Amino acid sequence: MPLHNADMAAIFSEIADLLEIQGANPFRVRAYRNAARAVGEFGKSVSTMIEQNEDLKGIRGVGNDLAEKLREIAATGKCGLLEQLHHEMPAAITELLEIQGLGPKRVRAIHDALHVRTLEQLHRAAKEGKIRDLPGFGEKTEAHIIETIEAHLHKSRRFKLALAEQYAQPLIACLRRTPGVGEAVVAGSFRRRCSTVGDLDLLVTARDAAAVTERFVRYDEVAEVLSSGETRSSVVLRSGIQVDLRVVAPASFGAALVYLTGSKAHNIAMRRIAQQRGLKINEYGVFRGEKRIAGDTEASVYATIDLPWIPPELRENRGELRAAAAQRLPTLIQLADLSGDLHAHTKASDGHDDLLDMALAARERGLSYLAITDHSSRLAVTHGLDAKRLAQQIDEIDRINRTLQGIVLLKGIEVDILEDGHLDLPDAILKRLDVVVGAVHSHFNLPRERQTERVLRAMTHPSFSILAHPTGRLIGERDPYDIDLVRVIRKARACGCHLELDAHPDRLDLADIYCQMAKAEGVLISIDSDAHSRFDFDNLRRGVDEARRGWLEKHDVLNSRSLDQLRPLLGRTAVGKVASA
DNA sequence: GCCGTTTTCGGCCCGACTGTTTTCAGTCG
């Protein structure tokens, strides 16, 4: 059973935490953290690379020592250093770091003085009043620990972007109405368009910071004020989301926006570049000695290190700084680049609207084609279509297309990929369709090899066009099923079929890093709404967000094509039709 | 422990806020 990159990353993260609690060299700790992140995000399976004797030093942050540890982990499933650390410190101790306000030094102090090893023991010790007497601790810290642990037990800590937007917009509007406020924007992972955000980072320019802070902490959705200072304050809203506010002068807006947008890794990399040039970047500007040389706009900050402005979605330190330096930043896909949508449902299965309503709503969005892809009958809960009902729908679409202006409905299906990789409809009916979207909706727990073979087999079907939501993840609810996406992507290239980025805010599947991999392999991505009602075409915007995070450009996206350009790309039967036409 | 358009050694991002101190360490973003 090969280990996944995420498993290896988790081992390095735990080593970093334990080393930090032990007071190890902070740069050594950081090396493990960086490597954990790099391995976790690395496109290829590190286990496979090791099997094939590939050089691991291509992974940024992995040198001789960590490459050797990765090989050890792949071979044995364990890491000697971690085992040794577990002998020295209890394994559960790292969970104490999850409590806000407890860092490595304090965790160490609590452990050494009270032999606390778990969250429950920490809770008890705090309840018994044992924390307050430790040096460097006090009553407030003790009370905070109790409160945080109790809240920690029943709270999900990340919010889907779509939900976070609902909290952010009225708050931003409120701050903009505050006298003296210039700019008021949301930065952080929200601005980088991450699929989930841990908190909201607001940036405001104002001459009177105190007045803005005052307005902020009195916002009527504020449940708790965590901190409140001259230029920085934090609150928790009733919804449970934490909001951090930073107030700066207009001359620092650009520098502060870069700083607050992050990511942290991107900022660190930028500051290193600046440092090598004798410059210092902080949230107030770019400085040569005492003199500020830039900072009012983001572009001015990047310009000091000879880089063009970098779109926020790319700022993850995944190569964007090198690409910028080489003048090779991608021209990212935009919502307006989408010509059509290749995955939508009607009330024939589990949708809410009929064919015409869906067509008109799509046309209103500026789309020129819409594929109707209801479920197939295996998915009984959705009242999926069998061959007979699908044939009726095909006829009805033909009728509607004869009168419809400005948009074309494409005949399609979201056909179930059965456990053995067969498709849930006869070939004869699939051949009559413009687009066949295949999807896994059952048997999520197959072992990796069987799950992968199942999907690969489906993709070889001559009518197969697009693999829908390729990992099946439901954000915050269901993990992706275990599948080898590298093989799936290569199969798509070999078969001439495509992968979907399902734009439903609960899915956003493919995730950014796999979009980037597909792009590298020359596989096109279809950004689809998976609309179940005429209001769901808004989803496309979310899909574009994720696609931009995956470096996709217009030409990487299947449904940026016009209908004429699209038809030859949809399945090999369609190619045949075109060739014989 | 990693890394190099100065470098294979000597660096490694930077500042605000809190609580516990009585000038600052720890934590966070």
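The shown structure was predicted, so the numbers you read here are calculated from the model rather than taken from an experiment.
Residues A:A164 and A:V197 share a closest heavy-atom pair of CB-CG2, 3.5 Å.
Put simply, the side chain of A:V247 does not reach to within 4.5 Å of the side chain of A:T205, judged on heavy atoms. Under the 4.5 Å side-chain criterion, counting only non-hydrogen atoms from C-beta, A:K130 is not in contact with A:R124.
Distance A:Q276 CD to B:dG4 P: 9 Å, rounded to the nearest Å. One can place OH of A:Y32 at 16 Å from C1' of B:dC3, the figure rounded to the nearest angstrom. Distance CZ (A:R33) to C1' (B:dC2): 16 Å, rounded to an integer number of Å. One can place CZ of A:R315 at 19 Å from P of B:dC13, the figure rounded to the nearest angstrom. Atom CZ in A:R37 sits about 17 Å away from atom P in B:dC2, given to the nearest Å. If you measure from atom CG of A:L102 to atom P of B:dG29, you get 13 Å, rounded to the nearest angstrom. For the pair A:L279 CG and B:dC13 P, the computed distance is 15 Å after rounding to whole Å. Remark: P of B:dC28 and CD of A:E98 are 12 Å apart, rounded to the nearest angstrom.
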**Asked** Can A:S252 and A:R292 be said to form a side chain to side chain donor-acceptor pair (under 3.5 Å), step by step?
**Response** CA-CA 10 Å; A:S252 296; A:R292 173 159 63 190; 2.9 Å; yes
**Item:** A:E316 and A:H266: CA distance, side-chain angles, deciding distance, side chain to side chain donor-acceptor pair (under 3.5 Å) verdict
**Value:** CA-CA 5 Å; A:E316 298 291 346; A:H266 175 89; over 6 Å; no
**Request:** Applying salt bridge (Lys or Arg N to Asp or Glu O under 4.0 Å), run through A:E72 and A:K69 and close with a yes or a no.
**Result:** CA-CA 5 Å; A:E72 178 196 353; A:K69 288 202 168 62; over 6 Å; no
**Request:** Report the C-alpha separation of A:E165 and A:R542 in whole Å, then their side-chain angles, then the decisive distance to 0.1 Å, and conclude whether the salt bridge (Lys or Arg N to Asp or Glu O under 4.0 Å) test is met.
**Result:** CA-CA 11 Å; A:E165 254 176 15; A:R542 318 254 164 227; 2.7 Å; yes
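For the C1' atoms, the distance from B:dT20 to B:dA25 is 9 Å, rounded to whole Å. One P atom belongs to B:dT6, the other to B:dG1, and the distance between them is 28 Å to the nearest Å. When the P atom is compared between B:dC9 and B:dC14, the two are found 25 Å apart, to the nearest whole Å. Between B:dC17 and B:dC12, the distance separating the two P atoms is 25 Å to the nearest Å. Comparing the same atom, C1', in B:dC13 and in B:dG29 gives a spacing of 12 Å after rounding to whole Å. One P atom belongs to B:dC28, the other to B:dT23, and the distance between them is 25 Å to the nearest Å. B:dA16 sits 24 Å from B:dT21 when the P atoms are compared, rounded to a whole Å.
Partners of A:Q516 by side chain to side chain donor-acceptor pair (under 3.5 Å), not counting sequence neighbours: none found. Residues satisfying the ring-ring contact (aromatic ring centres under 6.0 Å, His included) criterion with A:Y32, sequence neighbours excluded, are A:F12. Remark: A:D545 engages A:R193 in a side chain to side chain donor-acceptor pair (under 3.5 Å) (not counting sequence neighbours).
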**Item:** Base versus backbone protein contacts along nucleotides 16-26 of chain B [heavy-atom cut-off under 4.0 Å; B, S, -]
**Value:** SSSSS-----S
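Counting non-hydrogen atoms under 4.0 angstrom, A:I99 reaches the backbone sugars and phosphates but no base. Contacts of A:N64 with the nucleic acid, taken as non-hydrogen atoms under 4.0 Å apart, involve only primed sugar atoms and P, OP1 or OP2.
Put simply, the residue from A:I110, A:L85, A:D17, A:I21 that forms a side chain to side chain contact (heavy atoms under 4.5 Å, CB included) with A:I93 is A:I21.
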Polar atoms only, N or O, under 3.5 Å: list the protein pairs with nucleotides 8-11 of chain B and their distances.
none

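When the nearest nucleotides of DNA chain B are assigned to A:A67 and A:K280 by heavy-atom distance, the more 5′-ward of the two goes with A:A67.
For A:N282, the listed nucleotide lying nearest its side chain is B:dC14; candidates were B:dC2, B:dG29, B:dC14. Among the nucleotides B:dG29, B:dC13, B:dC14, the one closest to the side chain of A:R30 is B:dC13. The A:K69 side chain lies nearest to B:dG1 when the options are B:dG1, B:dG15, B:dC13. Listed nucleotides: B:dG15, B:dG29, B:dG1. Nearest to the side chain of A:Q242: B:dG29.
Distance check: A:R158 CZ to A:C194 SG gives 7.0 Å after rounding to the nearest 0.5 Å.
B:dT8 is unpaired under the criterion used here, namely a Watson-Crick or G-U wobble arrangement in which both key atom distances are under 3.5 Å.
Within a heavy-atom distance below 4.0 Å of DNA chain B, the residues of residues 247-268 of chain A found are A:Y259, A:K264, A:I268.
Side-chain N/O atoms of A:D201 and base N/O atoms of B:dG29 include no donor-acceptor pair closer than 3.5 Å.
Taking a cutoff of 4.0 Å between a charged side-chain nitrogen and a carboxylate oxygen, A:R473 and A:D509 do not qualify as a salt bridge.
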